[in-house]
Amino acid sequence: MYRKPVFLLFVSFILSALSACQNTAPNTNQTAVNTNQNQTASKEIPNRKWWKEAVVYQIYPRSFKDTNGDGIGDLKGITEKLDYIKSLGIDAVWLNPIFSSPNDDMGYDVSDYRNIMKEFGTMEDFDVMLKGFHERGIKVVLDLVANHSSDEHFWFQEAKKSRDNPYRDYYHWWNEEDGKPPKRVSFFDPEGDGWQYEPNTKSYYLHYFSDKQPDLNWENPKLREEMYSMMKFWFDKGVDGFRMDVIHFISKDKPFREIPAEFNGDFGKFYGSGPKLHDYIQEMNREVLSKYDVMTLGEAGATKEDAHKFVDEERRELNMIYHYEGVNLGYLPDSKKIIDPKGWKLSDFKDIYTKWDTNFAEKGWNTVYLGNHDQPRMVTRWGNDSPEFREVSSKMLTTFLLTQRATPYYYFGDELGMNNIKFDKIEDYKDIESINWYKQIKAEGGDLTQFLESQKIAARDNGRTPFQWNATANAGFSTGTPWLKVNPNYEKLNAEAQEKDENSVLNYFRKLVKFRKENPILIYGKYTLLDRENEDVYSYTRELDGKKFLVLLNFKPKESEAKTGLDLSKAKVLMSNYADAAASEKLKPYQAVILEITN
Ligand code: NOJ
Ligand code: CA
């Protein structure tokens, strides 16, 4: 499904390309846009799919818009803002979990897969919201948490009643009389222990995340059948896809063994992805996915070789996965996201994104993201959130995301350039990850000051603060007390203010989304990294049907120079985050330029 090419009409922005700006302060009052392209239908693109061409906008419903004053965003809030979402030009939304949940891990602990979380509203609210999205031509992707349920789910409540309960086998157990279970790691347990003792049945149950998130037993065909039938329930309602939470963990290495010494405690390599993982996903595809025109995105943290097992078409599994290599750059190895004092190198950043592009150049399809609900705000982490550079570096990062050969997953609020709130004290955090790590470091007598400083950059709650709609109380998010503090900069940084400013971060995002859709070269065109050793500028070309675009991204708060070896004498500036952009390798601080090379 590929939309017809159109002539672009942005003529109101005139480039003053020759007026070289001497000073290094960003002059971003106008965005250079020259999109007068006549994009002819491509001959070279095989295997087009709507989800390859889509820009996906991720919404964290809890923080989007509250309509009943309880301080928690809700589905009615999303419905209220449908026109705003439509105005972004995006094609699909991914909503973080909206199913019933006690919220030990903010919805990633589901207590009823066929109902809506009571704080978020009702099934009727869901139906209204879904219809509203579809009327606007926007697809809706939900979050499927299939590796674990909540301990408050009916299945678990039954399973722990007795060892012969019909639901017992929906989970993984280790009987007390068999001794201590072999070590398994939990991400959210204060002691890091993946087994929790259950006194009623004198046994331990497995939980890779918190002890309120028991892992489901996919070995059990009845459990798999329940999952497939639940997925059909949502697809029959019209849902357009699933993002699948930690889907690589669903198969376990039964019977549980001690980690052999050669794995050096590396659970990911030893038991992370169990032997039946791909059998289950293929079965899920046969039973459910193949029967609908839907998209699937696996959170699979795979190596580049493993990634193909999930997404190569002939394997009939998923459409896309996402990796963590990019977002993990810059932390000390095996640490609780402690910032590496040496920082991160742009050449490493380039290598990671180039490696993943190459990995899918022939087969499969790539994804790209810098922000999501598990990440801090992209401008703080990868750009520069000082007042001088926040806007311009946000735009530069948006340019990166929307010019990669990959489906971009764009996180709500990043289109405003929202930045980290940087809490000073642990009491402000609501996220189980930050709270548990704090407890662990405290118990070990570790460096809590260093941890809290790192959390200002790295904590997930930075990306979860309420959306900044306007300058009224609580940023217009809620009339009550927001569940998580609002970033105090909302009086200046908010959507309403940016609507009025033609050159805002918000309007730059809109222009770039439109520009990407009108230029399939940015979606499908071949990617080539240039000037790899340059630690200031990231440069790459995109090529399709004899056309060539060059993207130059200055990642530094200073004037920098690219050395691409290309002749830019006849190059044309198509887009930039500076008004006076020239077809030059000399870039202003955080400048982004998209050029067309014509020789
Ligand atoms: C990955 C999700 O993205 C994260 O938010 C969650 O805490 C874990 N999976 C557990 O479900
Ligand atoms: Ca609410």
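Just so you know, ligand 1 is whichever comes first in the structure, and atom 1 is the first atom listed for that ligand. Because only heavy atoms are used, hydrogens play no part in the values below, and waters and symmetry mates are left out as well, while side chains stay in. Quick caveat, the model's predicted, so the values are computed rather than measured.
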(message) When you measure from the Ca ion (ligand 2) to the N, O or S atoms of E119, does any of those distances fall below 3.0 Å?
(response) no
(request) Check whether any N, O or S atom of G77, backbone or side chain, sits closer than 3.0 Å to the Ca ion (ligand 2). (result) no
(message) Any heavy atom of R243 closer to ligand 1 than 4.0 angstrom?
(response) yes
(request) Quick one: look at R460 and ligand 1, take heavy-atom pairs under 4.0 Å, and tell me if it's side chain, backbone, both or neither. (result) side chain
(request) For F188, take its heavy atoms, then give the atoms of ligand 1 lying under 4.0 Å from any of them. (result) 7 (O)
(message) Can a donor-acceptor pair be found, under 3.5 Å and without considering hydrogens, that links the side chain of S203 to the backbone of T201?
(response) yes
(request) Check whether any N, O or S atom of N68 sits under 3.0 Å from the Ca ion (ligand 2). (result) yes
(request) Go through ligand 1 atom by atom and flag the ones less than 4.0 Å from a non-hydrogen atom of F209. (result) 8 (C), 10 (C)
(request) Could you establish whether Y208 and ligand 1 come within less than 4.0 Å of each other, counting only heavy atoms on the residue side? (result) no
(message) Suppose we only allow N, O or S atoms; which atom of D70 ends up nearest to the Ca ion (ligand 2)?
(response) OD1
(request) Please write down residue, atom name and distance for the protein heavy atom closest to atom 7 (O) of ligand 1. (result) D105 OD2, 2.6 Å
(message) Suppose we measure from atom 3 (O) of ligand 1 to each protein heavy atom; which comes out shortest, and what is that distance?
(response) D374 OD2, 2.4 Å
(request) Round to 10° and report the angle made at the Ca ion (ligand 2) by OD1 of D66 and OD2 of D74. (result) 90°
(message) Working to the nearest 0.5 angstrom, can you tell me the gap between I116 CD1 and L75 CG?
(response) 5.5 Å
(message) Could you check whether S100 and D112, counting side-chain N and O atoms only, form a donor-acceptor pair closer than 3.5 Å?
(response) no
(message) Are W155 and Y113 packed together at the side-chain level, in the sense that at least one heavy-atom pair is separated by less than 4.5 angstrom?
(response) yes
(message) Tell me whether Q375 contacts the main-chain N or O of L370 through its side chain, where contact means a donor paired with an acceptor under 3.5 Å.
(response) no
(request) Going by the salt bridge (Lys or Arg N to Asp or Glu O under 4.0 Å) test, name the single residue among K439, K337, R464 that passes it with E433. (result) K337
(request) Would you kindly check if the NZ (Lys) or CZ (Arg) of R62 is within the cone defined by 45 degrees around the ring axis of W483 and under 6.0 Å from the six-membered ring centre? (result) yes
(message) Taking CD in E444 as the centre, count heavy atoms belonging to other residues, nucleotides or ligands within less than 6.0 Å. Is the count above 12?
(response) yes
(request) Could you tell me whether E299 approaches ligand 1 through its side chain, its backbone, both or neither, with non-hydrogen atoms closer than 4.0 Å? (result) side chain
(message) For H373, run the ring pair (Phe, Tyr, Trp, His ring centres under 6.0 Å) check against Y108, F412, Y409 and tell me which one passes.
(response) Y108
(message) If you define the side chain from C-beta out and look only at heavy atoms, does anything of Q404 sit under 4.5 Å from Y353?
(response) yes
(request) Compute the shortest N/O to N/O distance between H148 and ligand 1 and return yes if it is under 3.5 Å, no if not. (result) yes
(request) Could you tell me the residue and atom name of the protein heavy atom closest to atom 2 (C) of ligand 1, and the distance to it rounded to 0.1 Å? (result) D245 OD1, 3.0 Å
(request) Please could you name the atoms of ligand 1 that H373 approaches to less than 4.0 Å, counting only its heavy atoms? (result) 2 (C), 3 (O), 4 (C), 5 (O)
